[in-house]
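Notes for the one structure printed next.
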Amino acid sequence: MNAPRVSVEGVSRDYASSGGVPVSVLKDLDMVASDHEFVAIVGASGCGKSTLLRLIAGLDEPSEGVIRVNGRAVTGPGPDRGMVFQQSTLFPWLTVWQNLRFSRGLAVNAEATSREVSEYLSRSEALLNMMGLARVRDSYPNQLSGGMQQRVNIARALVANPAVLLMDEPFGALDAQTRETMHDLVLHLFAAEKTTALFVTHDVEEAIYLADRVIVLAANPGRVDSVHAIPWGRARTQDLKLEGAFVRLKGEILARIRATAAVHADRELLESMTARTRAPSTTEEGKKP
Amino acid sequence: MGAATARTHETRAVGGGREAAWRHGRMRARLSRIRAPIPRALYVSLAVAGFLLPLAFWQALSAEHLVGGLFLPSPADVWMSLRHWYASGLMHDAGISIYRVVAGFMLAALIGVPLGLFIGAYKWCEALLQPINDFVRYMPASAFIPLVILWVGIGEGSKIAIIFIGVVFQIVVMVADAVRKLPDRYLEAAYTMGARPGEAMKLVVWRGTWPQIVDILRINMGWAWTYLVVAEMVAADSGLGFAILQAQRFLDTAKIFVGIIVIGLIGLAFDLMFRALHKRLFPWCQS
């Protein structure tokens with residue numbers, strides 16, 4: 001029996017709005033992630049993708065439904081779910097190495113056996129080396145570049161060996177070149193680490209390049225619109241992004257996001273602008289004769 | 001070719017004057033540009049001038065007898081008064097005043113910092129204590145003197161109590177604000193790593209606001225000194241504030257000057273100590 005690593009069952013999340021009418025951010029959402037699967041979640045802004053991740057992390061509670069990780073219902077945050085945020089959450093007062101070892105000092109890990117402790121230590125060392133952080137081991141976070149900080153954040157989230165790694169637009173604040181490097185680094189890392197990962201992003205290309213499966217959420221209220229299986233194996237290079245099949249898939253997913261976006265105002269504005277730019281040319285033509 | 005060289009020389013000669021003008025213009029631009037750095041030497045000389053100019057102005061005023069000695073003693077008078085006071089127990093007065101300020105301040109920090117931490121971290125604590133704290137905070141410390149005498153008596157306790165009352169409520173508000181400003185994401189990160197609320201409080205809230213707390217204490221130490229004269233209005237027989245009040249009674253303006261200047265210097269020394277401590281304790285705060 002191969003139970004899913006993460007299962008989201010009929011989850012809704014409503015927020016009380018100022019007008020008194022509750023706003024439904026997520027409505028009756030179901031999804032699963034199986035063992036060692038890398039799932040990317042995309043969708044227009046307001047589709048509740050970040051909320052979904054926060055619910056799984058236990059940082060927020062669903063209004064209805066249940067979320068299970070390894071079969072156990074989520075009731076709050078815990079070390080079985082590592083989380084990487086868009087903004088770095090490294091503690092500025094600790095060095096890179098101290099940040100990596102932060103969870104070691106917590107009461108949840110206090111009863112670790114000496115074998116577990118030495119495993120933890122060697123795991124920290126291994127992650128430090130794998131992420132190319134050995135050189136900055138004793139630096140403080142504010143001495144590192146944004147890309148470097150996110151690498152430490154990922155390493156820190158992985159060090160406790162979580163059942164699932166949750167990433168909320170982890171590269172959203174990085175420049176394009178650094179982001180590409182991070183993508184390849186993540187591919188290498190997950191080839192070695194074999195962790196289940198849920199990756200929220202607004203960048204469709206990033207989602208396809210990294211994931212085994214891409215889930216598109218529709219907005220208002222947030223629900224699963226479509227699921228796209230990514231046909232390529234885990235060994236991927238940047239050239240893949242230029243291939244016809246990749247570009248077609250990207251187009252398909254983008255079309256779904258556009259079709260399910262909650263905000264129509266921007267599109268209406270765009271349409272009225274196109275109409276206006278066309279209008280003078282026709283009158284011009286009318287004058288000619 | 002010779003003509004070409006001559007021309008370069010010519011431009012250079014003219015350029016010399018132009019370069020000076022250009023440099024002058026650049027310096028002006030640098031001084032008027034917001035937040036632009038200035039040369040270190042210029043910075044130091046301006047800081048020294050900031051002290052020397054008022055001193056020179058003061059000297060000029062008193063030397064020309066534009067203002068009577070009763071209103072404005074000359075720098076020389078003040079210097080004489082300082083030497084005189086030094087011989088008759090300035091250090092003792094300074095010592096007892098430092099003791100009172102430090103004791104009142106320490107007591108306020110010991111009570112105010114934990115209260116501020118709890119008010120900033122827990123909403124129920126904020127609801128219970130913040131409104132009353134804000135209410136008492138606006139009451140003038142000097143108005144408490146009769147009550148303090150009634151409750152604490154006229155010993156050392158009453159002087160320390162006045163300084164305590166003067167700063168403790170400010171420390172509470174400022175520490176609570178510092179805690180609220182700590183980004184949520186640090187706490188969330190700690191929770192996702194398995195931290196319990198108590199651990200988040202100790203390892204994130206406390207550690208994360210430590211630098212701000214040291215800064216808050218530095219600022220409040222300054223305020224504690226401003227309450228010294230008020231505190232030593234309470235049946236004191238020694239101390240810098242007491243000496244100033246005593247000098248007022250005898251119209252010894254020079255001694256008042258000395259007292260104020262000495263308090264200023266001691267305050268400055270404490271401030272520098274706190275700054276050095278901050279730099280030493282929190283290397284990660286320097287960018």
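For the numbers below, each heavy atom of this structure counts, side chains included, while hydrogens, waters and symmetry mates do not. We name chains A, B, ... by the order of the sequence lines, and we start the count at 1 in each one.
A:Val186 has its side chain out of reach of A:Phe199: every pair of non-hydrogen atoms, C-beta onward, lies at least 4.5 Å apart.
No side-chain donor-acceptor contact under 3.5 Å links A:Ser122 and A:Glu125. In this structure, a donor-acceptor pair under 3.5 Å is absent between the side chains of A:Asn109 and A:Arg104.
Cation-pi contact between A:Arg156 and A:Phe91: present, with separation from the ring centre below 6.0 Å and deviation from the ring axis of at most 45°.
Ranked by non-hydrogen atom pairs under 4.5 Å with chain B, the options A:Pro79, A:Ser88, A:Pro162 are led by A:Pro79. Between chain B and the residues A:Ser103, A:Gly78, A:Ala57, the largest count of heavy-atom pairs under 4.5 Å involves A:Gly78.
Annotation for B:Tyr43: atom OH does not count as buried by contact number, only 12 or fewer foreign heavy atoms lying within 6.0 Å. Around the CE atom of A:Met130, the shell of radius 6.0 Å holds more than 12 heavy atoms that belong to other residues, nucleotides or ligands.
Residue A:Ala160 does not touch chain B at all, counting heavy-atom pairs closer than 4.5 Å. Within the 4.5 angstrom heavy-atom criterion, no atom of A:Leu166 approaches chain B. Interface residue B:Arg196: only side-chain heavy atoms are found under 4.5 Å from chain A. Contact of A:Gln143 with chain B is not made at all, since no heavy-atom distance falls under 4.5 Å. Looking at B:Glu199, the atoms closer than 4.5 Å to chain A (heavy atoms on both sides) all sit in the side chain, from C-beta outward.
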